[in-house]
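One structure below.
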Amino acid sequence: MAAATPLLKDELDIVIPTIRNLDFLEMWRPFFQPYHLIIVQDGDPSKIIKVPEGFDYELYNRNDINRILGPKASCISFKDSACRCFGYMVSKKKYIYTIDDDCFVAKDPSGKDINALEQHIKNLLCPSTPHFFNTLYDPYRDGADFVRGYPFSMREGAPTAVSHGLWLNIPDYDAPTQLVKPHERNTRYVDAVMTIPKGTLFPMCGMNLAFDRDLIGPAMYFGLMGDGQPIGRYDDMWAGWCTKVICDHLGLGIKTGLPYIWHSKASNPFVNLKKEYNGIFWQEEIIPFFQAATLPKECTTVQQCYLELSKQVKKKLSSIDPYFTKLGEAMVTWIEAWDELNPTGDNLAKLSIADGPAKTKK
């Protein structure tokens with residue numbers, strides 16, 4: 001019997017940021033091999049990254065980013081996993097799945113390997129319920145439905161823009177929590193998917209994440225982090241806060257829960273503390289900013305929403321630190337670069353990626 005065609009085989013790219021050989025792909029081969037990979041190499045561009053045989057991929061290093069974006073390359077972080085968002089920009093697919101290179105295939109409670117990608121796709125292809133919480137969590141799953149008292153007028157739900165997956169083994173903790181709980185491991189598998197309610201922010205983790213690039217791609221900017229910046233490890237959270245405000249404004253949904261991956265190794269808490277130090281203080285003012293942020297009804301596209309948010313960031317957060325003026329400007333540069341690489345209608349691309357990445361393999 002012929003194997004079924006993988007879901008969205010020609011409509012999804014897998015984006016992986018890395019500084020090392022991608023041996024971890026061997027474990028993912030049964031699930032990832034049918035898909036196209038976009039690998040964003042961080043750090044030294046002269047280093048040769050090895051990719052296992054048989055994968056269809058393109059690999060971009062810092063030289064490629066500088067060549068393709070020119071002066072606008074300044075908006076892409078260096079020496080930080082935030083560089084992954086360059087992969088979102090150059091993709092031409094409708095959907096993106098991004099995963100870290102220390103994430104392995106997890107097993108469900110029955111011992112079966114979890115096809116994380118398949119579950120993310122299922123999440124993205126069915127609606128969300130951001131406007132009214134269903135106490136049986138995701139009503140669109142097999143064996144579930146809307147509970148008594150759920151308005152029939154709201155049961156069509158909203159389009160799902162983001163699927164946020166979780167992790168077994170090493171939890172996604174900040175440095176202070178890592179330091180006080182060095183041996184803690186997440187062994188609890190919760191068989192649930194839920195929609196994050198409208199008006200509620202969440203800490204988005206980029207290591208096991210999928211999204212509808214057509215619906216929300218331009219908001220998936222992972223900020224300015226790493227080399228030369230006063231903060232790190234807040235890249236995915238920054239993208240999550242911006243994305244959630246925009247999804248709420250545009251009537252889109254974000255799901256969290258399944259699927260799980262196996263997070264194999266904890267990063268050094270002392271190194272993390274150095275990166276997070278400013279963010280731990282700043283987030284106490286950043287979160288209220290996003291909680292209070294509103295977007296005018298004239299903002300009807302993700303780009304318009306994001307540019308409006310960039311103005312508010314510069315106006316209201318720059319008093320915390322000059323970094324936020326720089327970040328607000330980088331948000332504008334990101335949208336300009338996105339639109340040039342992803343022209344719509346009569347807007348012809350000013351930038352070309354005809355030369356392609358440094359390395360491709362089919």
Side-chain angles (χ1 to χ4, degrees), residues 1-65 67-68 81 83-108 111-125 163 165 167-169 206-213 258-265 353-362:
M1 187 174 119
T5 303
L7 290 168
L8 303 180
K9 175 183 174 295
D10 299 317
E11 297 178 72
L12 181 143
D13 280 333
I14 299 172
V15 174
I16 305 167
T18 194
I19 57 169
R20 57 182 66 86
N21 294 336
L22 292 181
D23 304 325
F24 93 113
L25 284 172
E26 287 294 354
M27 179 179 269
W28 287 102
R29 189 181 291 277
F31 307 127
F32 287 2
Q33 193 160 357
Y35 296 89
H36 180 66
L37 312 182
I38 299 177
I39 300 161
V40 184
Q41 179 181 341
D42 196 15
D44 180 3
S46 66
K47 183 179 177 183
I48 303 299
I49 297 286
K50 292 180 182 173
V51 182
E53 286 295 319
F55 286 93
D56 169 26
Y57 70 90
E58 49 194 303
L59 188 153
Y60 296 89
N61 61 32
R62 193 70 201 187
N63 293 339
D64 300 308
I65 294 171
R67 173 174 51 81
I68 291 165
S81 67
C83 68
R84 79 178 78 218
C85 62
F86 177 77
Y88 311 159
M89 186 187 281
V90 296
S91 170
K92 298 302 174 195
K93 305 287 177 62
K94 178 172 169 53
Y95 299 98
I96 296 285
Y97 175 52
T98 187
I99 184 171
D100 284 2
D101 61 12
D102 63 347
C103 293
F104 299 154
V105 177
K107 295 185 183 295
D108 68 17
K112 181 183 174 187
D113 283 352
I114 296 168
N115 184 346
L117 184 52
E118 182 180 58
Q119 178 64 50
H120 275 298
I121 290 169
K122 288 178 178 176
N123 290 348
L124 290 171
L125 292 182
S163 171
W167 351 267
L168 293 170
N169 195 36
M207 73 171 110
N208 176 27
L209 181 74
F211 60 92
D212 186 322
R213 187 176 173 278
L258 301 179
Y260 285 92
I261 48 84
W262 181 268
H263 186 205
S264 66
K265 65 177 188 288
I353 57 169
D355 296 334
K359 192 171 177 185
T360 60
K361 186 74 177 282
K362 284 197 181 256

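Predicted, not measured: the structure shown is a model, and the values here were computed from it.
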What's the separation between atom [atom1] in [X] and atom [atom2] in [Y], rounded to the nearest 0.5 Å?
X	Y	atom1	atom2	result
Leu37	Leu22	CG	CG	8.5 Å
Tyr95	Asp10	OH	CG	13.0 Å
Tyr97	Asp13	OH	CG	14.0 Å
Tyr260	Ile114	OH	CD1	8.5 Å
Leu8	Lys94	CG	NZ	9.0 Å
Ile96	Met89	CD1	CE	12.0 Å

**Asked** Just by distance, with hydrogens left out, do Gln119 and Asn115 show a side-chain donor and acceptor under 3.5 Å apart?
**Response**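 No pair is found: no donor N or O on one side chain lies under 3.5 Å from an acceptor on the other.
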**Asked** Can you name the side chain to side chain donor-acceptor pair (under 3.5 Å) partners of Glu11, sequence neighbours left out?
**Response**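 Glu11: no side chain to side chain donor-acceptor pair (under 3.5 Å) contacts found.
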**Message:** With a 6.0 Å cut-off (strictly less than), is the heavy-atom count around NZ of Lys50, excluding the residue itself, greater than 12?
**Reply:**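 Counting neighbours around NZ of Lys50, 12 or fewer heavy atoms of other residues, nucleotides or ligands fall under 6.0 Å, so no.
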Any non-hydrogen side-chain atom of [X] less than 4.5 Å from a side-chain atom of [Y]?
X	Y	answer
Phe86	Asp64	no
Pro6	Tyr35	yes
His263	Leu168	no
Lys93	Arg213	no

Show the nearest heavy-atom pair for residues [X] and [Y], with the distance to one decimal.
X	Y	value
Ser81	Asp42	N-OD2, 4.4 Å
Asn61	Asn63	OD1-N, 2.9 Å
Met207	Ile261	SD-CD1, 4.5 Å
Ile19	Asp101	N-OD2, 4.2 Å
Ser264	Asn169	O-ND2, 3.8 Å
Ile99	Trp28	CD1-CZ2, 3.5 Å

**Request:** Check whether any side-chain N or O of Asn208 sits under 3.5 Å from a backbone N or O of Pro259 as a donor-acceptor pair, and report yes or no.
**Result:**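 Yes, because the side chain of Asn208 sits within donor-acceptor range (under 3.5 Å) of the backbone of Pro259.
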**Request:** Look only at the side chain of Asp100 and the backbone of Asp102, and say whether a donor-acceptor pair between them is shorter than 3.5 Å.
**Result:**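 Looks like no, no N/O pair under 3.5 Å.
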**Prompt:** Between Ile16 and Phe24, does a side-chain contact (heavy atoms from CB on, under 4.5 Å) hold up when you go through it step by step?
**Reply:** CA-CA 11 Å; Ile16 305 167; Phe24 93 113; 4.1 Å; yes
**Request:** Go through the steps to decide whether His36 and Ile14 satisfy the test side-chain contact (heavy atoms from CB on, under 4.5 Å), and finish with yes or no.
**Result:** CA-CA 6 Å; His36 180 66; Ile14 299 172; over 6 Å; no
**Request:** Name all residues meeting the side-chain contact (heavy atoms from CB on, under 4.5 Å) criterion together with Thr98; count only those two or more places apart in sequence or in a different chain, and write none if there are none.
**Result:**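 Thr98 satisfies side-chain contact (heavy atoms from CB on, under 4.5 Å) with Val15, Pro17, Arg84, Tyr88, Leu209 once adjacent residues are dropped.
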**Request:** Go through Phe55 and Gln33 one step at a time and tell me if the side-chain contact (heavy atoms from CB on, under 4.5 Å) criterion holds.
**Result:** CA-CA 6 Å; Phe55 286 93; Gln33 193 160 357; 4.2 Å; yes
